[in-house]
Amino acid sequence: MNSLNTLYFPATAIHSPRLYPIFLLFQNVHLLSPVEDGKESPDSFIKSGFCQVHTPCPLGEERDRFLRLVADIKSGTDDYAARLSSLTLAAMTGPHQSVESERSIVRSLYGTQELPPQARGREELEKLWQARLVLAIGELLDQDEEEISVNLAELLDEEKLLFKELQGEDDKEEEENPFAELTRLEGSLRVNSTSNIKKRFKAWRTLFLAGEMEECGIFLADGMDSGDILLEMYQQKTGQQAPLVAGLELPVLVGWDNDEANTAVCKFTTNNSPFLTAIGETFAALISQTAMPDHPFEPAAAWEKLLAADFPAEQFGRIAIKFYHFQGLPCSTLMGKISGAQSAGNSGLLAVIG
């Protein structure tokens, strides 16, 4: 299978059915989490080894306190949590982010106590705490958005079903087509603005730079707004645009819940293991090249044939995933992290969904 390390950004969790298809192509996806999990994850993709979660600079003794704070923010029953949520949202969405707001967030977290001493210094610790909050609240907003989207999609589907029954039309074909429902879900509530994504990316980058983890050859962006941030960073640093080197497609849907999707992914990856290994080697070859690849990306037609067997396009739909080549510049180095990847002559590969 494709065991090449892939880092997903800037979100910190995968909880939407529209993202499950990524595991067909990437079987070693890494996530950054603002707070460590204190128990075994119920996520079937994590249990199966498709997904790994990392927490740079774990909170340790402060973990439970942070989680209680996030829970209070989610429930909205505590004035203190509401004020803190308001400050954090202002940091995410406001046109300018004041220093006083940043410090207020951190002071709210620690109450009247002094910040604990850290080698990186008070200012860096404040930035890290704010980044955790921005990411945690961003995840809450994603979950709320997803829940509203699903409920709206179900409501629209019930409305259409009722209308068909009143007209005496046969809806059997539509019932067997999950893509029809997901199409409504996709368009119902995708309200993250470019400004919000940039704020979340800034927080995610702060968390990424704060810790150490194994090198990931591919950075995976959920959407062009997120991908554009890295593409602009590459252009500013090198003075040239990153070339588009490959394009593939994914099903829009492989399952409506975690377990259903995991079963479908496990079946697909088991049955197609040799091809997935070969495509992983193709990705690795692109990463090892510091110049524009000499040969075009070839597996696209074979990949589509494999997908058609288990996920026919007319039933499961298709969404594009594009690959950009950061010549001689690994993604982690572009982020500002010093690693051995650049000295080894590697390049970065950015994958963008949609």
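Note that the structure is predicted; figures quoted are calculated from it, not measured.
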Across all chains, not counting sequence neighbours, the side chain to side chain contact (heavy atoms under 4.5 Å, CB included) partners of L67 are V35, R63
With sequence neighbours excluded, what pairs up with Y20 under the side chain to side chain donor-acceptor pair (under 3.5 Å) test? none
Step through it carefully: locate the ring centre of F323, locate the ring centre of F283, and say whether they are under 6.0 Å apart. yes
Do you know the tightest heavy-atom contact between L31 and A13? CD1-CA, 4.2 Å
Sorted by chain and number, sequence neighbours left out, side chain to side chain donor-acceptor pair (under 3.5 Å) with Q241 holds for none
Side-chain touch L253/P21, heavy atoms, less than 4.5 angstrom: no
Do the non-hydrogen side-chain atoms of P56 and M213 ever get within less than 4.5 Å of each other? no
Is it the case that atom CD in E61 sees more than 12 heavy atoms from other parts of the structure closer than 6.0 Å? no
Evaluate side-chain contact (heavy atoms from CB on, under 4.5 Å) for L306 paired with F275, printing each intermediate quantity in order. CA-CA 9 Å; L306 292 182; F275 180 82; 3.3 Å; yes
Within the 4.5 Å heavy-atom criterion, are I14 and I22 side-chain neighbours or not? yes
Partners of Y324 by ring pair (Phe, Tyr, Trp, His ring centres under 6.0 Å), sequence neighbours excluded? none
All heavy atoms of C57 vs all of R132, minimum pair found to be O-NH2, 2.6 Å
Is any side-chain heavy atom of L250 closer than 4.5 Å to a side-chain heavy atom of L25? yes
Drop me the distance from I287's CD1 to T282's OG1, to the nearest 0.5 angstrom. 11.0 Å
Got a donor-acceptor contact below 3.5 angstrom from the S273 side chain to the T270 backbone? no
Taking only residues two or more places apart in sequence or in another chain, which ones pass salt bridge (charged side-chain N to carboxylate O under 4.0 Å, His left out) with E232? none
Which residues share a side chain to side chain contact (heavy atoms under 4.5 Å, CB included) with E214, sequence neighbours left out: N5, H30, Q52
All ring pair (Phe, Tyr, Trp, His ring centres under 6.0 Å) counterparts of Y234, not counting sequence neighbours: F326
Partner residues of L307 under the side chain to side chain contact (heavy atoms under 4.5 Å, CB included) criterion, sequence neighbours left out: L24, P251, F268, W303, E304, F311, R318
Trace of the side-chain contact (heavy atoms from CB on, under 4.5 Å) decision for E36 with L59: CA-CA 7 Å; E36 66 269 28; L59 284 165; 3.8 Å; yes
Is K337 reaching over with its side chain to a backbone N or O of G211, donor-acceptor style, under 3.5 angstrom? yes
Is there side-chain contact between F9 and R205, with heavy atoms separated by less than 4.5 Å? no
Hey, is K198 close enough to D225 for a salt bridge, meaning N to O under 4.0 Å? no
Please name all residues satisfying side chain to side chain donor-acceptor pair (under 3.5 Å) with Q235, sequence neighbours left out, ordered by chain then number. none
If I take atom CG from residue L350 and atom CE from residue M233, how far apart are they, to the nearest 0.5 angstrom? 11.0 Å
Flag side-chain contact, heavy atom, 4.5 Å: L135 against W204: yes
Under 3.5 Å side-chain donor-acceptor pair for Q289 and S347: no
Start with the C-alpha gap between I319 and I353, add the side-chain angles, then the distance that decides, and say whether side-chain contact (heavy atoms from CB on, under 4.5 Å) holds. CA-CA 7 Å; I319 187 169; I353 303 171; 3.9 Å; yes
Output the distance between atom CG (N28) and atom CG (L4), rounded to the nearest 0.5 Å. 8.5 Å
Treating T238 as the side-chain partner and Q240 as the backbone partner, does any N or O pair qualify as donor plus acceptor under 3.5 Å? yes
F23: ring pair (Phe, Tyr, Trp, His ring centres under 6.0 Å) partners, not counting sequence neighbours: F45
Would you say the side-chain atoms of S44 pair up with the backbone N or O of N258, donor to acceptor, closer than 3.5 Å? yes
In Å, rounded to the nearest 0.5 Å, how long is the span from CD of Q27 to OG1 of T277? 8.5 Å
Applying side chain to side chain contact (heavy atoms under 4.5 Å, CB included) to T6 and not counting sequence neighbours gives F26, I218, L220
Before giving the answer on side-chain contact (heavy atoms from CB on, under 4.5 Å), spell out for K237 and L334 the whole-Å C-alpha distance, their side-chain angles and the decisive distance to 0.1 Å. CA-CA 8 Å; K237 190 172 184 66; L334 181 60; 3.9 Å; yes
What are the two closest heavy atoms between V254 and A261, and how far apart are they? CG2-CB, 3.8 Å
Heavy-atom pair of closest approach, residues D142 and A11: OD2-CB, 4.4 Å
Do you know which two heavy atoms are closest between G227 and V352, and how far apart they sit? CA-CG2, 4.0 Å
Separation of L276 CG from N271 CG (nearest 0.5 Å): 10.0 Å
Residues at least two apart in sequence or cross-chain that pass side chain to side chain donor-acceptor pair (under 3.5 Å) with T12, listed by chain then number, are E139
N/O donor-acceptor pair under 3.5 Å between R200 side chain and P10 backbone: no
Quick one: does P17's side chain get under 4.5 Å of E260's, heavy atoms only? no
Residues V70 and A136: closest non-hydrogen pair is CG2-CB, 4.0 Å
Side chains of S332 and F208: does their closest heavy-atom pair fall under 4.5 Å? yes
Can you tell me how far the CG atom of N346 sits from the SG atom of C331, to the nearest 0.5 Å? 11.0 Å
